[in-house]
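Step one of this worksheet: look at the structure below.
Nothing fancy with the numbering, it's 1 onward along the sequence.
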Amino acid sequence: MILVCGGAGYIGSHMAKRLRQEGVDHVIFDNLERGNEAAIGGSQFFRGDLRNRDDVAAVFEQFDIHLVMHFAAYIEVGESVKEPAKFWENNVTAVWNLLEECRERGVEQVVFSSTAAVYGEPSVVPIPEDHPKNPTNPYGDTKLAVERMLSGYGRAYGLRSVCLRYFNACGSDPEGELGEDHRPETHLIPRILLAAAGRAPEITVFGTDYDTPDGTCIRDYVHVWDLADAHLRAVRYLEAGGASDQFNLGSGNGFSVREVLDAVRSVTGLDFPVSYGDRREGDPARLVADSTRARSVLGWSPEFDDVAVCVRHAWDWMVAHPGGYGS
Ligand code: UDP
């Protein structure tokens with residue numbers, strides 16, 4: 001039985017759907033603070049908070065867990081700068097609770113959601129996994145801290161882990177059942193779509209003077225359904241006895257903010273107000289993954305590597321759920 005922590009959130013719910021499709025036994029553990037009950041689907045559900053060790057013990061008591069997946073983190077960079085304490089508590093202390101419970105009960109396999117933010121400002125693009133780790137914000141710090149915690153637990157206690165470093169997760173499941181519903185929404189694609197749908201007055205481009213061909217930031221947009229596939233491969237890799245490892249997950253293609261705006265115009269057939277503002281603090285000009293290792297070791301091959309497909313799937317879900325989950 002797999003424990004899917006944060007399985008009611010954006011990426012975790014897509015993972016749980018994939019596990020349902022594959023007939024893999026699992027239970028979602030989520031406090032529903034930022035997750036959505038409507039995203040749980042037909043999975044078993046245990047409501048609890050990883051910050052509460054009793055909740056963690058209770059889910060292990062009730063289910064025969066052999067592998068843990070962790071998606072249950074706070075993710076907003078700006079919030080992490082303003083309120084680092086919350087991030088260290090939820091993204092690190094809570095994971096310590098989880099790992100300690102694993103250690104007590106002999107659970108030795110963990111798949112962890114990490115991030116490109118562990119690298120900070122890149123010195124090489126595309127970014128390989130052995131690039132120096134210099135996070136530029138507390139969000140990245142907390143993810144790197146857990147990677148290091150996992151590494152120490154591996155050396156000392158035999159825990160095996162796979163850390164998956166996502167670049168820009170986007171899109172929604174191709175069947176249109178699940179979507180992205182962050183509140184507040186800070187990510188580029190859903191924010192543009194909200195402007196296209198008339199649910200936001202405009203979209204502001206954060207900076208047009210970057211050292212890139214069109215002056216806007218370039219990012220590597222990776223489809224959430226491809227992320228779920230990579231996680232499933234990581235599960236199978238660990239279950240087959242694979243050693244601890246870290247993998248970048250990106251499509252390998254970089255798209256500028258202006259290119260994403262164009263993709264939204266062409267997918268939706270709509271135009272919308274765009275304003276051009278200052279740079280957002282801490283945004284590197286170019287973040288593109290070198291995902292060679294995930295491809296060669298996990299056999300991962302992203303199916304949706306065009307940002308227009310990500311936009312199409314995200315738009316379809318937004319049109320079908322005009323108020324997000326629950327509508
Ligand atoms: N961005 C933007 N306007 C927005 C939100 C984001 O111009 O309203 C830019 C942001 O500066 C970055 C890119 O879009 O260059 C992707 O940002 P997002 O927050 O989606 O992901 P991040 O790269 O920060 O993980």
Side-chain angles (χ1 to χ4, degrees), residues 1-7 9 11-12 15 26 29 49-51 53 55-57 59-60 65-75 80 84 87-120 127-135 137-167 169 227-228 230-250 289 291 293-294 297-298 300:
M1 170 79 70
I2 295 179
L3 181 65
V4 186
C5 303
I11 300 169
M15 182 70 232
H26 64 282
F29 181 100
D49 194 312
L50 292 177
R51 290 167 289 203
R53 182 71 184 268
D55 286 358
V56 183
V59 75
F60 277 80
I65 311 286
H66 76 284
L67 184 148
V68 168
M69 307 186 83
H70 184 274
F71 299 90
Y74 292 148
I75 57 161
S80 81
F87 276 64
W88 283 97
E89 183 189 29
N90 192 48
N91 291 9
V92 180
T93 309
V95 182
W96 179 81
N97 275 338
L98 181 63
L99 295 191
E100 281 298 281
E101 204 59 41
C102 285
R103 186 154 76 99
E104 266 184 23
R105 294 174 187 265
V107 176
E108 296 193 328
Q109 302 174 70
V110 175
V111 177
F112 177 66
S113 297
S114 189
T115 168
V118 298
Y119 299 115
I127 305 173
E129 284 85 359
D130 61 0
H131 182 285
K133 316 296 179 297
N134 291 308
N137 52 64
Y139 166 63
D141 286 335
T142 61
K143 287 291 178 180
L144 184 57
V146 172
E147 285 204 11
R148 290 183 168 155
M149 184 161 34
L150 288 166
S151 152
Y153 272 61
R155 268 194 303 275
Y157 312 131
L159 180 107
R160 288 178 302 115
S161 60
V162 169
C163 296
L164 297 172
R165 297 179 184 145
Y166 316 155
F167 281 63
L227 288 181
H231 284 76
L232 184 63
R233 289 169 185 277
V235 165
R236 293 192 168 138
Y237 167 86
L238 285 175
E239 287 175 344
S244 294
D245 213 335
Q246 302 83 37
F247 301 99
N248 286 338
L249 297 180
S291 303
R293 277 185 61 69
V297 177
L298 300 178
W300 183 60

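Between Glu100 and Arg53 there is no salt bridge, since no side-chain nitrogen of the basic residue lies less than 4.0 Å from a carboxylate oxygen of the acidic one.
A side-chain donor-acceptor contact under 3.5 Å links Lys143 to the backbone of Ser113. No donor-acceptor pair under 3.5 Å is formed between the side chain of Arg165 and the backbone N or O of Gln246.
For the pair Ser161/Glu147, no side-chain contact is recorded, criterion being any heavy-atom separation below 4.5 Å from C-beta on. Annotation: side chain of Asn91 is not in contact with side chain of Val95 (no heavy-atom distance under 4.5 Å). Looking at heavy atoms from C-beta onward, Ser244 lies out of side-chain contact with Leu150 at the 4.5 angstrom threshold. Counting heavy atoms from C-beta outward, Ile11 and Tyr166 have side chains that approach closer than 4.5 Å. Between Val56 and Phe60, some side-chain heavy-atom pair lies under the 4.5 Å cut-off. Using a 4.5 Å heavy-atom threshold, the side chains of Ile2 and Leu67 count as touching. Side chains of Glu129 and Tyr119 form a contact here, defined as non-hydrogen atoms less than 4.5 Å apart.
Considering only residues two or more places apart in sequence or on other chains, Arg51 meets the salt bridge (charged side-chain N to carboxylate O under 4.0 Å, His left out) condition with Glu33, Asp49. The salt bridge (charged side-chain N to carboxylate O under 4.0 Å, His left out) test applied to Glu239 returns no partner, not counting sequence neighbours. A search for side-chain contact (heavy atoms from CB on, under 4.5 Å) contacts involving Ser80 returns Phe87, Asn137, Pro138, Tyr139, not counting sequence neighbours.
Judged by the 6.0 Å distance and 45° axis criteria, Arg103 is positioned over the aromatic ring of Tyr157.
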